[in-house]
Amino acid sequence: MAMRRKGDLPQKLCATCGRPFTWRKKWEKVWDDVRYCSKRCSGQRPKKPHS
Ligand SMILES: [Zn+2]
């Protein structure tokens with residue numbers, strides 16, 4: 001795959017807002033489990049029934 005952007009850092013799409021976010025140092029141990037771009041998004045759900 002030709003992924004040569006921003007110093008070859010991997011990217012994912014946020015499960016909540018759908019925006020791409022880039023690998024960060026703080027995620028190096030848990031990158032496989034990271035699904036959200038921020039704490040804010042991790043506290044939300046893509047489909048919320050009723051709040
Ligand atoms: Zn997000």
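Both ligands and their constituent atoms are indexed starting at 1 by order of listing.
Listed by chain and number, the residues in a salt bridge (Lys or Arg N to Asp or Glu O under 4.0 Å) with K25 are E28 (sequence neighbours excluded). Considering only residues two or more places apart in sequence or on other chains, R19 meets the side chain to side chain contact (heavy atoms under 4.5 Å, CB included) condition with C17.
Taking hydrophobic clusters as Ile, Leu, Val, Met, Phe, Trp and Tyr residues chained together by side-chain heavy-atom distances below 4.5 Å, W27 shares a cluster with L9.
Summarising the geometry, atom SG belonging to C37 is positioned 12.0 Å from atom CD belonging to Q11; distances are rounded to the nearest 0.5 Å.
Residue-and-atom listing of protein N/O/S atoms under 2.8 Å from the Zn ion (ligand 1), sorted by chain and number: C14 SG, C17 SG, C37 SG, C41 SG.
Residue pairs meeting the salt bridge (Lys or Arg N to Asp or Glu O under 4.0 Å) criterion with at least one member in residues 31-44: none, sequence neighbours excluded.
Residues Q44 and Y36 fail the side-chain proximity criterion, which asks for heavy atoms closer than 4.5 Å.
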